[in-house]
Amino acid sequence: MKALKFIHKFPVIFLLLIVFYFSAGSESIGKSGDYTAARKNMVLYQIRHRGITDRAVLNAMESVFRHEFVEAAYKRKAYEDRPLPIGYGQTISQPYIVAIMSQLLNVDKESRVLEIGTGSGYQAAVLARIAKEVYTIEIVKPLHERSQKALNRLGYQNIRTLNADGYFGWSAHAPFDAIIVTCASDFIPPPLIDQLKPGGLMCIPVGPPFKVQHLVLVKKGEKGELSTKVITSVRFVPLTRNQSRKEE
Ligand code: SAH
């Protein structure tokens, strides 16, 4: 009863408190489209809490504007714990998958990395913050063009993009310290193995299209010998082969 009397005396303060409570708690996206808080939450709850410890990866994920890599309709969902459609039947991977693959590659500021499946360009942007250079190939031309535009707009200068069939890798810039494949293949494409440096690592989802696949980490030994390790189960869009184009 005492509390009710208090409310009666100060109705304006009470109303302000209610407004503050709901605006602070319900949405972590700021009024001016500032996603900083959403990004911090994503890194803490989806990535650090799930065991990703690599500082460079955590910093990269905290600074790359994921919302700039999705279509306008999905911006507010950009930091959610799931993949999102990017058109043409393709998806931008779930943030945790981007993080674990980036950590597995074990790259640093000296590394040159090849990515197969540019998609939105987000994974390339994350790697560009950790590595020296990123080369990324996309088979779907409109996605290649859109991702290139986004990466230019955001000022990434150490990423080179190509519209081609990534099955063949990018021999002009090989060998690479690390290769990341973000579409699933039934087998590891031999040209990619050839273009991996001795001592290098490749992370690739292996398995049938639209079914559960294995995320495999491939290590190429100093003498070219391969060892593989299954990391977890994943579900990626398939590596397609029907729009092949020659290297530019
Ligand atoms: N790394 C992306 C996720 C892309 S989804 C991101 O951060 O958004 C996988 C992408 O691989 C799709 O865009 C698809 O078009 C592309 N892809 C499929 N087969 C390919 C191939 N043979 N060569 C290059 N890209 C391919």
Side-chain angles (χ1 to χ4, degrees), residues 42 47 57 60-61 64-71 74-75 77-80 82-105 107 113-131 134-151 154 156 159-171 173 176 178-192 195 202-210 213 215 234-248:
M42 172 192 82
I47 296 172
V57 172
M61 304 256 336
V64 177
F65 288 0
R66 186 170 161 94
H67 61 278
E68 292 287 341
F69 293 91
V70 299
E71 288 168 272
Y74 289 104
K75 275 201 194 309
K77 297 189 183 302
Y79 296 95
E80 289 181 5
R82 58 177 176 125
L84 290 170
I86 53 171
Y88 309 92
Q90 310 302 327
T91 52
I92 176 174
S93 306
Q94 179 191 9
Y96 172 67
I97 294 295
V98 173
I100 193 170
M101 290 178 88
S102 304
Q103 175 167 275
L104 285 166
L105 292 178
V107 292
V113 185
L114 173 67
E115 178 190 31
I116 310 304
T118 316
S120 67
Y122 176 69
Q123 172 78 74
V126 169
L127 286 170
R129 299 223 168 210
I130 308 170
V134 177
Y135 297 82
T136 180
I137 307 177
E138 171 56 53
I139 199 167
V140 177
K141 192 160 193 190
L143 283 176
H144 157 76
E145 286 167 350
R146 201 171 65 197
S147 58
Q148 195 177 33
K149 269 192 204 137
L151 292 167
L154 294 167
Y156 287 91
I159 302 176
R160 286 194 59 180
T161 62
L162 176 70
N163 176 216
D165 180 354
Y167 178 92
F168 299 107
W170 197 338
S171 57
H173 297 285
F176 299 96
I179 300 180
I180 179 171
V181 184
T182 62
C183 37
S185 174
D186 282 324
F187 59 95
I188 303 169
L192 299 184
Q195 292 178 24
M202 182 187 330
C203 192
I204 175 168
V206 181
F210 304 113
Q213 305 122 8
L215 186 63
V234 284
R235 204 181 269 259
F236 274 83
V237 294
L239 183 138
T240 53
R241 303 296 319 282
N242 54 359
Q243 303 188 27
S244 42
R245 287 179 177 84
K246 280 200 150 309
E247 268 191 21
E248 276 152 13

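Ligands are counted one by one from 1 in listed order, and the atoms in each one are counted from 1 as well.
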If you round to the nearest 0.5 Å, how far is [atom2] of [Y] from [atom1] of [X]?
X: I86; Y: L143; atom1: CD1; atom2: CG; result: 5.0 Å
X: L104; Y: I180; atom1: CG; atom2: CD1; result: 9.0 Å
X: I179; Y: E115; atom1: CD1; atom2: CD; result: 11.5 Å

Do the side chains of [Y] and [X] get nearer than 4.5 Å, heavy atoms only?
X: L127; Y: L105; value: yes
X: I204; Y: P189; value: yes
X: T118; Y: H144; value: no

Identity and separation of the nearest protein heavy atom to [atom]:
atom: atom 20 (C) of ligand 1; value: I139 CG2, 3.6 Å
atom: atom 23 (N) of ligand 1; value: G166 N, 2.7 Å
atom: atom 7 (O) of ligand 1; value: Q123 N, 3.0 Å
atom: atom 13 (O) of ligand 1; value: E138 OE1, 2.7 Å
atom: atom 11 (O) of ligand 1; value: G117 CA, 3.2 Å

Region of [X] engaging ligand 1 - heavy atom pairs below 4.0 Å:
X: Q90; result: side chain
X: V237; result: side chain
X: L143; result: side chain

Identify, by atom number and element, the atoms of ligand 1 in contact range of [X], meaning under 4.0 Å from any of its heavy atoms.
X: I92; answer: 8 (O)
X: D165; answer: 21 (C), 22 (N), 23 (N)
X: P238; answer: 18 (C), 19 (N)
X: T91; answer: 3 (C), 4 (C), 5 (S)
X: I137; answer: 24 (C), 25 (N)
X: S120; answer: 6 (C), 7 (O), 8 (O)
X: V140; answer: 15 (O)

So for [X], does at least one of its heavy atoms come nearer than 4.0 angstrom to any atom of ligand 1?
X: G89; result: no
X: A164; result: yes
X: R241; result: no

### Task
Under the side-chain hydrogen bond (donor to acceptor under 3.5 Å, both in side chains) rule, collect the residues that match up with R129, sequence neighbours excluded.
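Partners of R129 under the side-chain hydrogen bond (donor to acceptor under 3.5 Å, both in side chains) test: S63, Y156.
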#### Entry: Polar contact flag, side-chain donor to acceptor under 3.5 angstrom, Q148-T161
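Note: Q148 and T161 side chains meet the donor-acceptor criterion.
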#### Entry: Any side-chain donor near an acceptor of the partner, S120 and Q90, under 3.5 Å
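Side-chain D/A pair, S120 to Q90: absent.
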### Query
Relative to the ring of F69, is the ring of Y122 parallel (under 30°), tilted (30 to 60°) or perpendicular (over 60°)?
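The arrangement is perpendicular - the two ring planes meet at more than 60°.
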### Nearest neighbour of atom 19 (N) of ligand 1 from the list T182, T240, T118, on a heavy-atom basis
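Among T182, T240, T118, the closest heavy atom to atom 19 (N) of ligand 1 belongs to T240.
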#### Entry: Side-chain donor/acceptor of S185 to backbone N/O of F187, under 3.5 Å
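Judged by distance alone, yes, a pair lies under 3.5 Å.
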### Message
Applying side-chain contact (heavy atoms from CB on, under 4.5 Å), can you list everything that pairs with V70, at least two apart in sequence or on another chain?
### Response
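Expected list: Y74, K75, A78, L84, I92.
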